[in-house]
Amino acid sequence: MADRNDELFAGRAAKAARLRSLGIEPYPITTARSHTTAEAVSALEQAEAAGEAAGPEVAIAGRITALRDQGRLTFLDLRDGSGRIQVMLRANTLGAESYALLKQFDLGDFMRVTGTLIRTRTGEPTVQASSFSMLAKALQPPPEKYHGLTDVEQRYRRRYLDLIANDEVRRIFRVRSQVVAAMRRFLDGRGFIEVETPVLVAESGGAAARPFKTFFNALSEERSLRIATELHLKRLIVGGLDKVYEIGRIFRNEGISTKHNPEFTMLESYEAYADYRDVAEMVEQMVAGIALEVFGAMMLPYKGGSIDFTPPWQRRTMRELLIEHGGLDFEHFRSEEAMRAELRRRGIDAPAAAPWGKLLDEAWSTLVEPKLIQPVFVLDYPVELSPLAKQKPDDSSLVERFEAFAGGFEIANAYSELNDPLEQRRRFEEQLRQRDRGDDEAELVDEDFLFALEHGMPPTGGLGMGIDRLMMVLADQASIREVILFPQMRAERPHSAQGHDD
RNA sequence: GCGCCCGUAGCUCAACGGUAGAGCAGUGGACUUUUAAUCCAUUGGUUGUAGGUUCGAAUCCUACCGGGCGCACCA
């Protein structure tokens, strides 16, 4: 019972109690500060630029991340959301009684310091303290200061410790926020409006995926969590909103991998009077613009090489790339039997029940996808794989669809949206036949969506883009868990915080 | 679901089948310009869990729990 962590906890709790016994609240309300740590550093630089020896008086606050006790002189580092700054505390300027209170401060505690901005002998920007106080006592010890927290499970389960310990992790999630903000600015600037559509839906549609299911007590009905926003956003195009987008959480009841988290964030946009060529132009402008705005360049490092997002990106057909990278021309294997035999000959295994389109997809993801490092739009997919996309006018076996690839995997998917209600009904019915064959991810017939289409939907270009995957490519991360703050994991058996013993 | 690998102190890591150790953190002490501070001393372990093999198991075997990677599933 009395393990090590209990002792560390008890020691810190005792310090909090000692402060209280001295009439000092270890969790006070007041936090007033005049500068963030970053503002304090620049205030010092400005004063120096004006020829002054020292900066102004400041009040700063932050977490103690380093503590260097030298007897009657102590240095410590305070970190807040803006950065860090060194604090120097001297016994003779603070007085022996006040200085002695430092003994009750530990790594991880939050502290407020007032004092003058100076530079130490080594040139380090420093607050020379004239007073200090506790803002919040930490009862658990922080991770090791040099190596940080490296245990991957702990990093994901206790992301707060990961964020405390690892600068790079903090940077990635700041960048993620900037990427999403830049995306909104881009779309808003093009006249799109941001909308919100239901997460809880009666039937999940708009993508090939299994849903999570839940129960709506008040209505005594089943609900699914959405697997896409597509069918609702198209209803808004029917309604005349013309340019809509949603950045939202999507849920797919499927496996977890370095490229898959069961809940992930997707941008979907729909633009009336546009087709998939217009959408491609928008995507390359948007991604290149985000790269430039957030990272300051269109060429970004990736897995030891680099990716150049400068528009225009290459446009290639799926057939060309399959021939080029895999020596496979699907026109020679148009039947399911022929395609299956060809895959078997190449040692690519595919699910037994897979129809032709799935087999092709299998060949594609094995032979071509990993090689598409530089951004490329892959055009003209087989109609079998795309029940919501419009056929090409000159070849009804293909649809007006592209997928954008970068970094070796898909980052976006777009169509000239199918707006012929009768053809859409036939496609849904074909999906039903797939479902009867055992494909439980085939689309369900959404009668209200068809009813909406029957009222007329203008020609529309639609886009889906995985924000998490885009982040992986932009921030050069090999696992989707590195760009999701709290990735899904098996539930941990309860391991309680301390201090409420029973 | 399958395969491979991993699980040792709060954290980062050691330990030919033969007494579980180091650094950081903690505790006590020294130190008024340090910044992975330094120096002296020191506390801390049901080696993920449960079995098994063995004179002897952190180490070998089995099952389970948790995780990573790959495959499968899946955009």
Side-chain angles (χ1 to χ4, degrees), chain A residues 1-12 14-15 65-77 84-94 99 103 106-108 118-126 128 138-158 161 164-165 207-210 227-228 250 252-262 264 266 349-352 354 358 361-362 364-366 369 381 385-386 403-405 409-413 439-441 464-466 468-469 478-481 487 489-493 495 498:
Chain A
M1 187 68 207
D3 69 17
R4 184 60 184 175
N5 200 28
D6 288 329
E7 292 175 36
L8 296 174
F9 182 91
R12 285 165 174 262
K15 291 179 181 178
T65 57
L67 195 50
R68 296 179 290 279
D69 174 4
Q70 292 186 67
R72 277 169 286 281
L73 170 70
T74 295
F75 290 97
L76 54 81
D77 293 347
R84 60 161 282 283
I85 193 166
Q86 177 172 264
V87 174
M88 179 168 70
L89 302 111
R90 303 173 61 160
N92 60 351
T93 48
L94 289 160
Y99 187 81
K103 285 272 180 250
D106 290 302
L107 290 175
I118 59 159
R119 254 176 224 280
T120 59
R121 240 168 27 197
T122 54
E124 178 82 11
T126 300
Q128 177 154 17
L139 299 182
Q140 298 283 1
E144 201 250 11
K145 65 182 173 189
Y146 184 58
H147 299 91
L149 187 66
T150 61
D151 181 272
V152 179
E153 180 178 356
Q154 293 305 315
R155 288 189 46 234
Y156 297 155
R157 284 197 193 279
R158 303 202 215 299
L161 296 181
I164 289 171
R210 269 180 287 266
I227 57 173
I250 301 296
R252 295 184 181 174
N253 204 340
E254 287 154 3
I256 298 177
S257 78
T258 49
K259 293 191 178 83
H260 300 263
N261 194 58
F264 62 99
M266 187 150 80
D349 48 53
K358 284 251 182 198
D361 192 42
E362 194 64 43
W364 168 263
S365 50
T366 309
E369 206 173 297
Y381 282 70
L385 292 176
S386 317
E403 291 190 341
F405 288 82
F409 53 86
E410 178 205 341
I411 59 169
N413 179 21
D439 181 358
D440 54 359
E441 289 161 4
M465 186 160 186
D468 314 277
R469 290 189 172 181
S479 170
I480 201 167
R481 297 184 194 88
M489 300 179 86
R490 202 175 292 276
E492 192 179 25
R493 69 177 188 290
H495 109 115
Q498 300 180 37

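First the proteins, then the strands, lettered A, B, ... as listed; each starts at 1. Both backbone and side-chain heavy atoms feed into the values below; hydrogens, waters and symmetry mates do not.
No donor-acceptor pair closer than 3.5 Å links the side chain of Asn261(A) to the backbone N or O of Phe264(A).
With a 4.5 Å cut-off on side-chain heavy atoms, Gln128(A) and Leu89(A) do not count as touching.
Across all strands shown, G70(B) pairs with C2(B); the Watson-Crick or G-U wobble distances both stay below 3.5 Å. The partner of G7(B) is C65(B), by the rule that a Watson-Crick or G-U pair needs both atom distances under 3.5 Å. Here U54(B) sits opposite no nucleotide as a Watson-Crick or G-U wobble pair (both hydrogen-bonding atom distances under 3.5 Å). Under the Watson-Crick and G-U wobble criteria, each requiring two contacts below 3.5 Å, nucleotide U46(B) is left unpaired.
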Could you go through nucleotides 36-41 of chain B and list every protein N or O atom that sits under 3.5 Å from one of its N or O atoms, giving the distance for each pair?
| residue | atom | partner | partner atom | Å |
| --- | --- | --- | --- | --- |
| A37(B) | OP1 | Lys145(A) | NZ | 2.2 |
| A37(B) | N6 | Asp69(A) | O | 2.9 |

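In this structure Arg157(A) satisfies the salt bridge (charged side-chain N to carboxylate O under 4.0 Å, His left out) test together with Glu153(A), sequence neighbours excluded. Partners of Tyr381(A) by ring pair (Phe, Tyr, Trp, His ring centres under 6.0 Å), not counting sequence neighbours: none found.
Note on Lys259(A) versus Glu369(A): no salt bridge recorded, every NZ/NE/NH1/NH2 to OD/OE distance being 4.0 Å or above.
We find that CG of Leu73(A) is positioned 15 Å from P of A30(B), with the value rounded to whole Å. Between the CZ atom of Phe9(A) and the P atom of C11(B) there is a distance of 16 Å, rounded to whole Å.
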